[in-house]
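Structure, as structure tokens:
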Amino acid sequence: MENGKNNNQNFKKPITFLQINSQHSKTVAGELFKISNDKKLDILLIQEPYNFKHKIIAFPNSKIITGGKIDEEKMSAIIVLNNDLEIIKLEQFCTTHTVVIKMTNGLGWITIINSYVQFSEEIEKYIEEIENILKILGNGRVIISMDSNSKSTMWFNNITDGKGKKMEQFIAENNLVISNKPIIIHINININGLTNIDLTLITNNLIDNIFNWKVHENLTVSDHNVITFNINFGKQDKIIIENNKNRYSTKKNNKRN
């Protein structure tokens, strides 16, 4: 791969992710732009991003990946800030609420699923959608970032609600690992109290590659605190993907989808 050949030195560095529900806030979008520059972030995983005329516009010189039709509100977005990463948008899986990409830094491929579970809808719809994606992907390495709008003691809530039980079952049946850690700072702070509904899930073949999962308090005005984590790619995968129309390097193509 062209980028893999030319930037081997950079590829030894871990990839830094930020995850948040930004509540469609223009203010939060501006705050995230500043944070991403200050902390030299590589990828933002945003649920309920700020939309302007159904487009995500607050992140110049980045690759913005969304799903759904042009005239639909985008409920999920992946923002790629690192120009050395090669990205493939998996168009067939992308919707307004779920965005799926494959990513490499020259040392292997990882699939990223970013999803927002609509509070007013049944969670089964989203579980089935992601389960189908996982089945098609097979044994690949996968990160799932999501606002699950579900509570469970497994991700350090005081109670497990009905949606939480269904999410627990989904996690167990698909051999996923919860990356969330016991924390003093809650992820979600609103009039309904302190909760943890934002999840970072990984396939078990990434257990040794994820580290520094943290919650950061009061970095934005969103009632969801910022999550950051790092991924070390490790050994080269044997996956080869060619001739995909949605394959691009962020260095070569800044056109927004």
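Worth knowing before you read on, the calculation uses all heavy atoms, side chains too, and leaves out hydrogens, waters and symmetry mates.
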ask   = Can you tell if the side chain of L199 reaches within under 4.5 Å of the side chain of I144, non-hydrogen atoms only?
value = no
query = Hey, does I78 have a side-chain heavy atom less than 4.5 Å from the side chain of I43?
reply = yes
ask   = Would I88 and L134 show up in the same hydrophobic cluster when neighbours are defined by side-chain heavy atoms closer than 4.5 Å?
value = yes
query = Taking it one step at a time, do H216 and I35 satisfy side-chain contact (heavy atoms from CB on, under 4.5 Å)?
reply = CA-CA 11 Å; H216 306 265; I35 292 166; over 6 Å; no
query = Under the side-chain contact (heavy atoms from CB on, under 4.5 Å) criterion, do L90 and K102 qualify, and how do the steps go?
reply = CA-CA 7 Å; L90 300 186; K102 291 187 85 74; 3.8 Å; yes
K89 and C94: CA distance, side-chain angles, deciding distance, side-chain contact (heavy atoms from CB on, under 4.5 Å) verdict = CA-CA 8 Å; K89 178 182 178 181; C94 292; 3.9 Å; yes
ask   = T203: what forms a side-chain hydrogen bond (donor to acceptor under 3.5 Å, both in side chains) with it, not counting sequence neighbours?
value = N205
task = Using the salt bridge (Lys or Arg N to Asp or Glu O under 4.0 Å) rule, collect all pairs that involve residues 158-183, keeping only residues at least two apart or in two chains.
result = E124-K166
query = Taking atom CG of L44 and atom CD of Q19, what is their separation to the nearest 0.5 Å?
reply = 11.0 Å
remark   = Taken to the nearest 0.5 Å, the spacing of I227 CD1 from D198 CG works out to 5.0 Å
note = When rounded to the nearest 0.5 Å, the distance separating CD1 of I46 from OG of S22 is 5.5 Å
query = Do D42 and L81 have side chains that get closer than 4.5 Å, going by heavy atoms?
reply = no
query = Same cluster or not: are I171 and I113 linked, directly or through other Ile, Leu, Val, Met, Phe, Trp or Tyr residues, by side-chain heavy atoms under 4.5 angstrom apart?
reply = yes
Selection residues 19-40 - residue pairs positive for salt bridge (Lys or Arg N to Asp or Glu O under 4.0 Å), sequence neighbours left out = K34-D38
message = If we ignore hydrogens and angles and just use 3.5 Å, is the side chain of W155 paired with the main-chain N or O of S150 as donor and acceptor?
response = yes
request  = Work out which heavy atom in V117 is nearest to a heavy atom in M146; give both atom names and the distance.
outcome  = CG2-CE, 3.7 Å
task = Determine yes or no for a side-chain-to-main-chain donor-acceptor pair under 3.5 angstrom, with N174 supplying the side chain and L176 the backbone.
result = no
key: Side-chain heavy-atom pair D84, N105 within 4.5 angstrom cut-off   = no
task = Considering non-hydrogen atoms only, spot the tightest contact between Y50 and I56 and give its length.
result = O-CD1, 3.3 Å
key: Close side-chain approach of F170 to I130, heavy-atom, < 4.5 Å   = yes
query = Any sub-3.5 Å donor-acceptor pair from N51's side-chain atoms to K74's backbone N or O?
reply = yes
Closest contact, heavy atoms only, T98 versus S115 = OG1-OG, 3.0 Å
key: Within-4.5 Å side-chain heavy-atom neighbours: T200 and F17   = no
key: Chi angles and distances behind the side-chain contact (heavy atoms from CB on, under 4.5 Å) call for N225, L219   = CA-CA 7 Å; N225 278 321; L219 291 188; over 6 Å; no
Where S222 and I20 come nearest, the two heavy atoms and their spacing = CB-CD1, 4.2 Å
task = Give me the ring orientation class for Y126 and H97: parallel if the planes are under 30° apart, tilted from 30 to 60°, perpendicular past 60°.
result = tilted
key: Residue from E122, E129, E121, E128 passing salt bridge (Lys or Arg N to Asp or Glu O under 4.0 Å) with K125   = E121
message = Side-chain heavy atoms nearer than 4.5 Å, only ILVMFWY residues, links allowed to pass through others: does that put V177 and V215 together?
response = yes
Reported CD1-to-OG1 distance for the pair I101 and T111, which is rounded to 0.5 angstrom = 8.5 Å
task = Can you measure from OG1 (T228) to CG (L41) and round to the nearest 0.5 angstrom?
result = 7.5 Å
ask   = Do other residues, nucleotides or ligands put more than 12 heavy atoms under 6.0 Å from I70 CD1?
value = no
ask   = Are the side chain of T96 and the backbone N or O of E73 linked by a donor-acceptor pair below 3.5 Å?
value = no
ask   = Same cluster or not: are F59 and V221 linked, directly or through other Ile, Leu, Val, Met, Phe, Trp or Tyr residues, by side-chain heavy atoms under 4.5 angstrom apart?
value = yes
inquiry  = Is there a side chain to side chain donor-acceptor pair (under 3.5 Å) between S145 and N114? Walk through the geometry before answering.
reply    = CA-CA 5 Å; S145 160; N114 186 50; 3.1 Å; yes
task = Taking all heavy atoms of D147 and all of H224, pick out the closest pair and write down the distance.
result = OD2-CE1, 3.3 Å
T220 versus V226, closest heavy-atom pair with distance = CG2-CG2, 4.0 Å
request  = Decide whether M75 and I57 are clustered together by the hydrophobic rule: side chain heavy atoms of Ile, Leu, Val, Met, Phe, Trp, Tyr closer than 4.5 Å, transitively.
outcome  = no
query = Is S148 reaching over with its side chain to a backbone N or O of I197, donor-acceptor style, under 3.5 angstrom?
reply = yes
ask   = Can you name the residues that form a salt bridge (Lys or Arg N to Asp or Glu O under 4.0 Å) with E131, not counting sequence neighbours?
value = none
request  = Would you mind listing every salt bridge (Lys or Arg N to Asp or Glu O under 4.0 Å) that reaches into residues 48-58, with sequence neighbours excluded?
outcome  = none
key: Any donor-acceptor N/O pair, H24 side chain to P49 backbone, under 3.5 Å   = yes
ask   = Taking the side chain from D208 and the backbone from N232, do they hold a donor-acceptor pair closer than 3.5 Å?
value = no
key: Rounded distance [0.5 Å steps], CD1 in I159 versus NZ in K151   = 5.0 Å
message = Are R141 and N209 packed together at the side-chain level, in the sense that at least one heavy-atom pair is separated by less than 4.5 angstrom?
response = yes
query = Who pairs with N230 by side chain to side chain contact (heavy atoms under 4.5 Å, CB included), at least two apart in sequence or on another chain?
reply = P14, T16, F211, N212
ask   = Do N157 side-chain atoms and N196 backbone N/O form a donor-acceptor pair below 3.5 Å?
value = yes
